[in-house]
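Reviewing the structure listed below.
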Amino acid sequence: MELDNKNVESKNFIEQIIDKDLEEGRFDHVQTRFPPEPNGYLHIGHAKSILLNYGIAKEYHGKFNMRFDDTNPTKEKEEFVQSILEDIQWLGADWEDRLFFASDYFDEMYEAAVKLIKKGKAYVCDLSPEEIREYRGTLTEPGKNSPYRNRSVEENLELFENMKNGMYEDGTRVLRAKIDMASPNINMRDPIIYRVAHMSHHNTGDKWCIYPMYDFAHPIEDAIEGVTHSICTLEFEDHRPLYDWVVNELEYENPPRQIEFAKLYVTNVVTGKRYIKQLVEDGIVDGWDDPRLVSIAALRRRGFTPESIKMFVELCGISKSNSSVDYAMLEYCIREDLKAKKPRLMAVLDPVKVIIDNYPEDKVEWLEVANNVECPELGSRKVPFCKELYIDREDFMEEPPKKYFRLFPGNEVRLMNAYFVKCVDYKKDENGNITEIHVTYDPETKSGNGFNGRKVKGTIHWVSARHGVKSEVRLYENIVDEEKGKLNEDGTLNLNPNSLTVLKNCYIEPNIEDVKPEDKFQFVRQGYFCADLKDYTGEHPVFNRIVSLKSSFKLPK
């Protein structure tokens with residue numbers, strides 16, 4: 001009995017509702033759906049909904065529908081349809097042969113509207129959009145009945161057919177549900193269920209010039225497909241009475257049940273489609289998949305994995321209360337996913353040349369280096385070592401502060417996986433920039449030989465100047481900073497001018513011959529990086545920094 005109680009407690013509130021529905025016989029199976037509108041790319045918040053709906057269907061051995069709510073042709077594009085399908089597949093949600101479009105049901109929706117008219121539950125209204133808003137009332141004042149509310153069934157049927165046949169201009173007439181203009185819930189004050197829109201549709205072409213509203217179409221779609229639990233976000237909670245009204249008035253057998261959960265809000269990111277569209281159109285970002293964004297396509301291009309996003313969603317949990325999650329938690333998840341399963345490479349992002357004065361001119365040693373010390377099964381690789389190397393500029397200082405253990409005049413450091421070297425000289429250009437560092441090496445301190453009993457405090461990475469592959473590296477930061485305010489006074493985004501830094505003179509060890517777009521690595525001491533999905537080629541390697549190595553985020557105990 002204790003085990004049963006523990007199992008109940010570990011389930012989220014949605015699973016508890018489903019268990020009760022099955023136990024009481026309301027449904028004998030479980031069927032969920034993910035119903036995006038194809039008017040933009042999906043983002044991290046949608047990932048939560050996808051994984052929740054798909055996960056519940058799998059957990060209860062039920063069915064999962066992939067359905068596009070394409071009822072608004074003014075904003076929908078085939079590009080968005082394809083991007084959404086790719087994103088969902090990448091996340092691992094499999095709809096098998098259950099791919100649907102709301103537009104597949106436009107005939108049934110039209111007949112459903114006719115049925116409501118015949119029942120006296122819908123009427124054609126001639127009020128303008130401004131007048132409809134005025135008649136609707138406020139949160140504290142009831143609305144007023146439309147002067148067209150009591151049209152006869154026959155007149156409404158004729159007018160609605162005329163709407164379908166293209167006899168009226170956009171905005172001149174709408175079909176409204178006849179519910180209650182005094183309802184405390186504004187959504188129930190005779191909502192619009194059909195409007196005239198002479199627009200070509202991506203799926204149905206020019207067949208229709210009237211289109212159903214989302215709140216009318218969505219419950220019909222669920223009912224037609226046999227969805228049992230219509231799981232959506234909290235902003236639809238006030239719409240649930242209308243959802244129930246539609247399926248009940250249309251007399252669907254075993255009508256679906258709507259359940260709401262809290263959205264996923266992440267700090268320091270932009271998810272609003274209006275803002276992203278503006279960023280894209282203004283050329284501030286490189287499309288909807290720019291790695292500074294948190295669309296699923298952007299996260300994939302940045303280098304995040306489906307596993308890391310699933311971990312993030314699981315850590316966030318499912319609740320009824322809205323809250324924000326720190327972006328650092330998402331970064332924590334990708335570090336956890338990559339650290340023990342991806343190989344490591346040495347990469348120098350801001351190179352300065354090091355010359356080993358006492359190393360033979362033509363000698364090249366191929367050093368055996370572990371690909372990942374935390375994952376021995378990844379094996380090892382050969383790294384070339386020669387007289388001239390590159391190190392990162394920040395690993396040398398002319399006049400170092402205390403506790404600086406890297407390279408400076410007279411100091412000795414260990415070159416990672418190689419030898420001890422000691423700085424004996426350096427050169428500068430006319431602007432005072434270091435151009436060359438001269439060192440000597442101790443051949444008795446080769447890595448793996450015990451360093452001849454000697455010790456040094458600093459270890460730095462390096463790349464052979466002769467063999468290193470010149471690459472472009474892109475460093476990303478959040479595109480906005482909420483600490484300074486996400487929005488300016490005029491409502492525009494307060495953009496971070498340092499959200500993208502492009503380094504074109506980086507050198508990476510030569511073990512990248514077989515690298516493909518999306519391959520991921522840890523660049524030693526630099527962070528986790530991904531070969532760019534769009535721009536990486538063998539002739540022009542481009543790497544995106546996914547995340548730095550250090551994290552300030554800690555899991556709550």
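All residue numbers in this chain count up from 1 along the given sequence.
- Below 30°, between 30° and 60°, or above 60°: for Phe68 and Phe101 the angle between ring planes is below 30°, a parallel geometry.
- Sorted by first and then second residue, the ring pair (Phe, Tyr, Trp, His ring centres under 6.0 Å) pairs with a member in residues 309-331 form an empty list; sequence neighbours excluded.
- Here the straight-line distance linking atom CG of Asn156 with atom CD1 of Ile117 works out to 5.5 Å at 0.5 Å rounding.
- Contacts of Glu24 classified as side chain to side chain contact (heavy atoms under 4.5 Å, CB included), with partners at least two apart in sequence or in another chain: Lys20.
- Every pair tested for ring pair (Phe, Tyr, Trp, His ring centres under 6.0 Å) that includes a residue from residues 248-282 fails, sequence neighbours excluded, so the list is empty.
- Applying the ring pair (Phe, Tyr, Trp, His ring centres under 6.0 Å) test to every pair with at least one member in residues 231-251, sequence neighbours left out, gives these pairs: Tyr214-Phe236, Phe236-His239.
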Contacts table for residues 276-287: side-chain donor-acceptor under 3.5 angstrom, sequence neighbours left out:
{"residue": "Lys277", "atom": "NZ", "partner": "Glu281", "partner atom": "OE2", "Å": "2.6"}
{"residue": "Gln278", "atom": "NE2", "partner": "Asp282", "partner atom": "OD1", "Å": "3.0"}
{"residue": "Gln278", "atom": "NE2", "partner": "Asp282", "partner atom": "OD2", "Å": "3.1"}
{"residue": "Asp286", "atom": "OD2", "partner": "Arg301", "partner atom": "NH1", "Å": "2.9"}
{"residue": "Asp286", "atom": "OD2", "partner": "Arg301", "partner atom": "NH2", "Å": "3.0"}

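- Ring to ring, Phe80 and Trp288 are close: their centroids are under 6.0 angstrom apart.
- With 3.5 Å as the limit, one finds a donor-acceptor pair spanning the side chains of Asn65 and Glu225.
- For His229 and Phe27, the gap between ring centers is short of 6.0 Å.
- The one candidate from Ile224, Ile193, Ile220 that meets the side-chain contact (heavy atoms from CB on, under 4.5 Å) condition with Met109 is Ile220.
- Atom CD1 of Ile132 and atom CD1 of Ile192 lie 4.0 Å apart (nearest 0.5 Å).
- Among residues two or more places apart in sequence or in another chain, the side chain to side chain contact (heavy atoms under 4.5 Å, CB included) test is passed with Tyr148 by Cys125, Asp126, Leu127, Ser146, Arg151.
- Of the candidates Asn12, Thr228, Ile56, Ile18 forms a side-chain contact (heavy atoms from CB on, under 4.5 Å) with just one, namely Ile56.
- Aromatic ring pairs are classed by plane angle as parallel below 30°, tilted from 30° to 60° and perpendicular above 60°; the pair Trp208 and Phe106 is perpendicular.
- Side-chain atoms of Thr71 and Asp69 include no donor-acceptor pair closer than 3.5 Å.
- Ring pair Phe34/Phe64: centre-to-centre distance not below 6.0 Å.
- Note that the CD1 atom of Ile14 and the CD atom of Glu59 stand 11.0 Å from one another [nearest 0.5 Å].
- Heavy atoms only, all atoms of each residue included: Pro517 and Asp532 are closest at CB-O, 3.6 Å.
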